[in-house]
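Shown next, in structure tokens, is the structure this report addresses.
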Amino acid sequence: FDSKQTGEFTTGFDFSFKGIRFNVVGTDPPDSYGVVGQETVVFYEGPSIERKVLDRVQLVPFEDGLPERYRPTKLSLDEAALIRDYLRPYFEQRSASVSTGEILEI
């Protein structure tokens, strides 16, 4: 939980850590926001949480917002680096559904 986790930890919040899905069932004090750090103790029980995984995604970056290192030439993109540096870290932690045509700011 020390480097990648984002979001507000409230009752009902889903998140992933090292490939395992979790759902927050309570916070202390009740009905408040939780803050997770390196010394947080996580208690868990029950079967793993399953969720639908994206089959495919189309990335259309805004040219003015894309760092030069992802453009080897003016007409090409380093797709593997974009997936590694942006898409994979973003979607590893995302629990909300994604709709067709939705614009995401990463």
Exercise for review: Report the C-alpha distance between Leu77 and Arg71 in whole Å, list the side-chain angles of each, state the deciding distance to 0.1 Å, and finish with yes or no for side-chain contact (heavy atoms from CB on, under 4.5 Å).
Suggested key: CA-CA 5 Å; Leu77 292 174; Arg71 286 189 281 190; 3.8 Å; yes

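Between the side chain of Thr27 and the backbone N or O of Thr10 there is no donor-acceptor pair closer than 3.5 Å.
The salt bridge (Lys or Arg N to Asp or Glu O under 4.0 Å) test applied to Glu45 returns no partner, not counting sequence neighbours. Looking at residues two or more places apart in sequence or on another chain, you find a side-chain hydrogen bond (donor to acceptor under 3.5 Å, both in side chains) between Tyr70 and Asp85.
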